[in-house]
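See structure below.
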Amino acid sequence: MTSSPVGAAADAASSPLLRNLNPEQLAAVTAAAEPALILAGAGSGKTRVLTTRIAWLLNTGQVSPGGVMAVTFTNKAAKEMQTRLATMLPFNVRGMWIGTFHGLCNRFLRAHWKLAHLPQAFQILDASDTTSAVKRVIKAMKLDEERFVPKQVGWFIAGCKEDGQRPGDVVAHDEQTRKLVEIYANYEDQCQREGVVDFAELMLRSYELLRDNPAVREHYQNRFRHILVDEFQDTNKLQYAWLKMFAPPGSAHGQSLLAVGDDDQSIYAFRGARVGNMIDFEREYRVRKVIKLEQNYRSFGHILDAANELISRNSQRLGKTLRTDAGQGEPIRVQESPSDFAEAQWLIEEIQHLHRGGLDRKEIAVLYRSNAQSRVIESALFNSGIPYRVYGGLRFFERAEVKHALAYLRLLENPNDDTSFLRVVNFPTRGIGAKTLENLQDAAKATGRSLYQSVSAIAGKGGANLLAFTNLIDSTRNLTQGMTLREIIEQVLQTSGLLDFYRTDKDGAERLENLDELVNAAEAFVMQEGFGKNAVGLPVDETAQPGTPGAVPDAETGEIMSPLVAFLTHASLEAGDNQAQAGQDAVQLMTVHSAKGLEFDAVFITGLEEGLFPHENAMSDPNGLEEERRLMYVAITRARKKLSLSFCQTRMLHGQTRYHIKSRFFDELPEDALKWLTPRNQGFGSGFAREYQNAWDRGSGLKGMVGAGNVSKPAWVEPPVPASMKPKVSEEHGGLRVGKGVFHTKFGEGVLLTLEGAGADARAQVNFGRHGTKWLALSVAKLTPID
DNA sequence: ACAAACGTTATTTTT
DNA sequence: TAACGTTTGT
């Protein structure tokens with residue numbers, strides 16, 4: 001086998017794929033098919049190892065694309081993996097299951113919706129949808145919202161699900177918990193009634209499906225020969241259990257699991273992530289192969305020294321020390337400021353200096369522990385005309401106007417979605433007040449039907465406007481039959497009155513733009529997913545098509561979900577970018593959490609004060625403090641060349657001036673890696689020396705004035721679709737002809753309208769008359785030509 | 001139905 | 001401080 005050590009060495013010499021890998025990376029890439037744990041330090045080329053391994057497995061014929069599953073946490077990571085693979089492999093990567101945990105669960109549930117007891121077009125609730133759904137349950141139960149805060153109840157429910165617990169499984173010791181469980185049970189019923197699932201439900205439902213259906217489970221166990229999990233330290237209990245369904249420990253299938261992670265970068269314990277899964281994995285799978293990637297290709301020595309020294313203070317570690325060949329580089333600069341305002345001022349000067357020295361602004365990151373800290377910095381940047389970009393704001397699909405539009409679209413697919421119903425029933429205003437809705441909700445509750453279904457029941461009392469609303473939805477549904485996604489959305493924006501509303505609204509201009517952007521997003525989505533039935537005669541490049549988790553045929557019939565359902569799913573699963581004009585050269589502002597996975601030439605870690613970083617809420621318990629330290633470790637390791645640490649004596653917090661002392665983390669960094677720009681151990685009131693040296697100042701040439709103009713209005717831009725990704729349209733496929741009759745085992749006779757794509761991607765649009773017009777994947781659907 | 005006024009509350013958040 | 005949600009007043 002090529003996976004033997006000798007084979008691997010031979011490969012390394014011959015294969016361009018394996019060239020330039022260091023010994024540890026090579027070992028990870030070419031590891032035999034047995035459980036393996038890769039401890040990948042920051043900047044150690046983790047993604048490269050993951051993608052190269054997949055490419056190597058495929059190239060050496062150890063697995064076919066369909067046998068590969070690669071799981072990540074973020075859409076971004078999944079996309080990056082797909083893109084990289086597309087450049088490494090000579091063929092298309094469609095058959096591989098590459099995606100986020102939730103994306104793959106969605107894909108799985110779409111294929112097995114019947115077994116999962118879900119409607120075919122089930123919709124996904126995002127965080128805010130979930131909260132409002134929970135709120136409705138609490139209201140309906142007439143419980144005190146003070147005692148049962150919807151958001152917290154939502155967390156409780158998610159927490160239960162992530163522990164694999166249904167309402168019946170939760171052990172409640174006190175009255176409060178008993179009530180919470182009751183809410184949980186009602187919430188579950190409500191979701192089921194409405195045909196919606198939240199994020200945690202996606203995971204739990206697919207886990208249970210696998211657990212309870214041996215045939216399905218075995219099918220997938222046989223299918224996935226290699227399962228690669230990224231950021232394993234961030235998995236929760238349920239995600240680990242889910243993985244075990246595909247690759248049970250101790251079984252032959254258990255050999256397929258390869259976990260990549262870094263316990264030192266575990267910063268999501270507060271959200272249910274269990275670093276312990278790494279140790280459990282090692283034990284349960286009797287992992288013999290633990291590979292440490294400790295060679296760092298990102299940062300200079302001083303930066304790594306600081307990171308290593310700091311993290312060595314943590315007690316519970318698997319143990320890892322980063323090293324580099326890059327040399328020590330510049331010392332880490334430390335700045336003390338009298339106030340947060342002065343700190344921001346100092347930042348401005350530093351940033352201007354760096355930029356004049358030739359550094360792109362987008363290579364400069366300002367990090368902070370909590371979002372509130374960005375304010376002072378933002379205003380300082382704004383006043384100096386330095387373009388900047390703040391991460392972590394509202395994302396595209398979370399914007400109110402976009403959510404409204406999506407709610408109308410959802411109602412077309414599923415009028416029983418009460419969450420969407422309530423969102424737009426009176427928006428734009430239609431004279432439907434709280435009283436009317438209360439009546440409606442009572443009627444719905446009495447009969448156990450949806451709000452939509454209950455409208456006729458209260459038509460008498462103030463229901464005329466309600467009836468007008470449901471008629472609007474119904475007529476729009478009829479009107480949009482057979483339309484393209486773009487046309488559907490444009491129609492909905494029009495008939496819903498959203499366009500008219502924002503056109504007359506005083507600050508509706510931006511919202512109109514966003515609605516326009518929604519249409520663009522849908523268009524781009526249709527192209528990428530290969531739903532483009534208008535795209536006639538465009539050539540298709542088989543090598544360029546990345547697989548998409550959204551488009552998956554029904555396991556039984558081969559039916560592909562409609563473009564609208566697919567787009568709605570996409571909108572819930574991928575909130576979109578929140579970045580202002582991604583192309584512009586702007587300074588990057590973000591929390592340390594959102595900086596994970598990124599890297600910059602110059603990094604400023606600000607607000608390094610006791611109570612802030614480490615945060616006061618975390619200081620009391622040792623685990624919390626260790627997580628804060630890991631957070632600091634993540635922050636430090638973001639920097640490639642220049643790292644600056646900064647803290648303030650005073651800071652405005654909650655409207656009050658607070659006095660802080662410098663973070664304890666300063667005492668945990670190696671003295672000789674630091675360069676203090678301000679005198680040390682300076683007490684309050686001793687006067688603050690504003691003179692600091694610029695260690696980076698080597699008389700660098702001035703590059704003119706800094707470009708002005710702050711990046712204020714975020715725009716969401718979908719990347720252009722390369723022509724190579726447009727679908728190929730053909731007239732004939734395996735005896736099937738466009739315009740001729742076809743027979744499907746489930747849907748009966750129909751007329752073939754369109755043929756697209758080739759090979760595994762081939763799909764057909766068929767009008768089945770009574771059953772409607774459907775898109776079918778020819779690799780799954782049993783279609784035979786008839787005369 | 002809407003706006004103004006008030007009270008409450010303030011980590012981090014991949015999906 | 002400032003952002004949000006609820007109540008109150010027009």
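Order of the sequence lines fixes the chain letters, A, B, ..., with proteins taken first and strands second; residue numbering starts at 1 for each chain.
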> Which residue pairs satisfy the side chain to side chain donor-acceptor pair (under 3.5 Å) criterion with at least one member in residues 588-597 of chain A, sequence neighbours excluded?
Replying inline: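 Output for this query lists A:Asp234-A:Lys596, A:Arg389-A:Gln588, A:Tyr391-A:Gln588, A:Thr591-A:Ser594.
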>> Once you apply a heavy-atom cut-off of 4.0 Å, does A:Gly433 come out as touching a base, just sugar-phosphate, or nothing?
In response: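 Sugar-phosphate contact only.
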> So what does A:Ile432 touch, heavy atoms closer than 4.0 Å: a base, only the sugar-phosphate, or nothing?
Replying inline: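 Sugar-phosphate contact only.
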Among all residues two or more places apart in sequence or in another chain, which pass the salt bridge (charged side-chain N to carboxylate O under 4.0 Å, His left out) test with [X]?
X        : value
A:Arg430 : none
A:Arg84  : A:Glu80
A:Arg48  : none

>> Rounding to an integer number of angstrom, what distance separates B:dT12 and C:dG5 when you compare their P atoms?
In response: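 Straight-line distance between the two P atoms is 16 Å.
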>> In whole Å, measure the gap between the P atoms of B:dT13 and C:dC4 for me.
In response: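 Roughly 15 Å separates the two P atoms.
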>> Quick test of your reading of the model: are A:Arg638 and A:Glu599 salt-bridged, counting only N-O distances below 4.0 Å?
In response: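 A salt bridge is absent here (no side-chain N lies under 4.0 Å from a carboxylate O).
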> Is it true that A:Arg313 and A:Glu626 have a side-chain N and a carboxylate O under 4.0 angstrom from each other?
Replying inline: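 Between A:Glu626 and A:Arg313 there is no salt bridge, as every charged N stays at least 4.0 Å from the carboxylate O atoms.
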Check nucleotides 3-10 of chain C for protein N or O atoms closer than 3.5 Å to its own N or O atoms and list the pairs.
| unit_1 | atom_1 | unit_2 | atom_2 | d |
| --- | --- | --- | --- | --- |
| C:dA3 | OP1 | A:Arg375 | NH1 | 3.4 |
| C:dA3 | OP1 | A:Arg375 | NH2 | 3.4 |
| C:dT6 | OP1 | A:Lys135 | NZ | 3.4 |

Could I get the full list of ring-ring contact (aromatic ring centres under 6.0 Å, His included) partners for [X], not counting sequence neighbours?
X        : result
A:Phe199 : A:His102
A:Phe73  : A:Phe101
A:Phe665 : A:Phe613

Restricting to nitrogen or oxygen on both sides, can you table the protein-nucleotides 2-8 of chain B pairs closer than 3.5 Å?
| unit_1 | atom_1 | unit_2 | atom_2 | d |
| --- | --- | --- | --- | --- |
| B:dC2 | OP2 | A:Thr429 | OG1 | 3.4 |

>> Protein within reach of the bases, or only the backbone? For nucleotides 10-15 of chain B, mark each nucleotide 5' to 3' as B, S or -, using heavy atoms under 4.0 Å.
In response: BBBBBB
>> Going by the rule side-chain contact (heavy atoms from CB on, under 4.5 Å), which residues pair with A:Asn75 if we only count those two or more places apart in sequence or in a different chain?
In response: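 A:Thr100, A:Glu574.
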> How should the glycosidic conformation of B:dT12 be described, syn or anti, under the criterion that syn lies within 90° of 0?
Replying inline: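 With its glycosidic angle more than 90° from zero, B:dT12 counts as anti.
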Could you list the donor-acceptor pairs under 3.5 angstrom formed by side chains in residues 142-158 of chain A, with sequence neighbours left out?
| unit_1 | atom_1 | unit_2 | atom_2 | d |
| --- | --- | --- | --- | --- |
| A:Asp144 | OD1 | A:Glu146 | N | 3.0 |

